[in-house]
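Single-structure report; data block below.
Numbers for residues simply follow the sequence, beginning at 1.
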Amino acid sequence: MSGAALILMGQSLSVSAQASEAGLRVAFVYNFLKFIEWPELQGNELFLCAVGAQDATRQSLAQIDGKSTQKVNIKVLFLDEASGLEQHFSRCNLVYVPVSGADHQLPATIPVGVLLVVDDPAQEDARMGIALTRTAENRIEFSINDSAIKQAGVKVSSQLLKLAKKQPGGAS
């Protein structure tokens with residue numbers, strides 16, 4: 001009986017750790033919104049589009065839907081189907097691709113005004129403006145791709161740039 005309890009407790013801790021990591025990653029994304037200026041917003045709304053978000057990530061994102069930052073309301077759109085992705089992509093200001101959405105095919109070019117943020121990218125992608133990664137020390141860090149930021153036409157606060165992990169070649 002105690003062996004079964006230990007196994008269940010271990011599974012519970014694992015689920016809790018996954019949920020808290022998902023929440024932490026979403027908190028990073030939410031805070032990015034506070035330190036980025038978009039060239040044009042649709043009315044008073046900033047659209048955060050989540051590609052393939054599931055479980056704890058989806059729940060964490062749902063909690064920021066309707067919150068305000070920079071005098072705008074955050075609207076979270078969940079893009080789960082390829083057709084939805086194509087249909088809504090141009091409405092997005094920030095596109096967040098959690099690990100669960102890594103298999104979704106993104107457009108070859110990202111429209112101006114849209115910033116792409118990816119969790120633990122499998123490879124470098126010139127379209128990706130911000131990458132969230134787990135370090136060997138189990139910390140979550142982020143790096144910023146200056147050329148993708150320029151392509152998106154957004155302005156990133158110097159405070160956020162200072163916190164970003166430096167990429168090889170000196171770009172933050």
Side-chain angles (χ1 to χ4, degrees), residues 21-42 45-58 60-62 64-65 69-70 72 74-135 139-172:
E21 180 168 335
L24 180 60
R25 288 175 181 267
V26 169
F28 268 93
V29 173
Y30 175 67
N31 282 304
F32 295 154
L33 296 173
K34 296 177 182 181
F35 294 95
I36 297 173
E37 292 180 37
W38 276 263
E40 286 185 33
L41 293 176
Q42 299 164 15
E45 294 182 317
L46 188 148
F47 287 88
L48 188 167
C49 298
V51 177
Q54 298 175 359
D55 304 324
T57 301
R58 192 176 193 97
S60 295
L61 286 163
I64 62 173
D65 186 40
T69 185
Q70 295 185 44
V72 297
I74 299 169
K75 193 82 177 138
V76 177
L77 296 177
F78 294 103
L79 306 178
D80 299 322
E81 304 294 325
S83 60
L85 184 60
E86 292 294 328
Q87 180 182 6
H88 296 290
F89 207 80
S90 62
R91 290 181 62 194
C92 305
N93 300 103
L94 185 143
V95 174
Y96 173 52
V97 183
V99 174
S100 59
D103 292 338
H104 285 71
Q105 194 69 24
L106 298 176
T109 58
I110 306 294
V112 172
V114 178
L115 179 64
L116 180 60
V117 177
V118 179
D119 272 347
D120 293 322
Q123 59 190 14
E124 287 296 316
D125 183 340
R127 302 172 297 175
M128 187 171 40
I130 301 177
L132 286 163
T133 55
R134 176 177 284 289
T135 68
R139 292 181 30 202
I140 297 174
E141 296 181 337
F142 66 95
S143 58
I144 295 177
N145 176 345
D146 290 327
S147 61
I149 296 293
K150 288 177 186 166
Q151 173 65 30
V154 299
K155 288 178 78 174
V156 176
S157 139
S158 61
Q159 295 169 334
L160 188 60
L161 291 171
K162 287 178 189 176
L163 294 172
K165 177 184 154 199
K166 301 299 180 202
Q167 290 182 337
S172 52

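- Counting only residues at least two apart or on different chains, the side chain to side chain donor-acceptor pair (under 3.5 Å) pairs with a member in residues 147-156 are N145-S147.
- Taken to the nearest 0.5 Å, the CZ atom of F28 stands 10.5 Å off from the OH atom of Y96.
- Note that OG1 of T133 is 10.0 Å distant from CZ of R139, once rounded to the nearest 0.5 Å.
- Listed by chain and residue number, nothing satisfies the side-chain hydrogen bond (donor to acceptor under 3.5 Å, both in side chains) test with D55 (two or more places apart in sequence, or in another chain).
- The closest donor-acceptor contact from the side chain of S143 to the backbone of K165 lies at 3.5 Å or more, if one exists at all.
- Taking CG of D65 as the reference point, atom CG of L77 lies at 8.0 Å (rounded to 0.5 Å).
- Listed by chain and number, the residues in a side-chain contact (heavy atoms from CB on, under 4.5 Å) with L163 are F142 (sequence neighbours excluded).
- R58 pairs by the side-chain contact (heavy atoms from CB on, under 4.5 Å) definition with A53, F78, D80, not counting sequence neighbours.
- Here the CG atom belonging to L33 is positioned 5.5 Å from the CG atom belonging to L46, to the nearest 0.5 angstrom.
- Note: I74 CD1 to L61 CG = 10.5 Å, rounded to the nearest 0.5 Å.
- Of all heavy-atom pairs spanning L132 and P121, the tightest one is O-CD, 3.9 Å.
- R127 and A148 get closest at one heavy-atom pair: O-CB, 3.8 Å.
- For the side-chain contact (heavy atoms from CB on, under 4.5 Å) with L48, the qualifying choice from N93, V117, V29, V26 is V29, the only one to do so.
- With sequence neighbours left out, the side-chain contact (heavy atoms from CB on, under 4.5 Å) criterion links K34 to Y30, N31, T69.
- Closest approach of C49 to L79, counting heavy atoms only: CB-CD1, 3.7 Å.
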Exercise. Apply side chain to side chain contact (heavy atoms under 4.5 Å, CB included) to R25 and T57, showing your working.
Key: CA-CA 8 Å; R25 288 175 181 267; T57 301; over 6 Å; no

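- Distance check: F32 CZ to L94 CG gives 8.5 Å after rounding to the nearest 0.5 Å.
- Applying the side-chain contact (heavy atoms from CB on, under 4.5 Å) test to P111 and every residue at least two apart in sequence or in another chain returns F89, V114.
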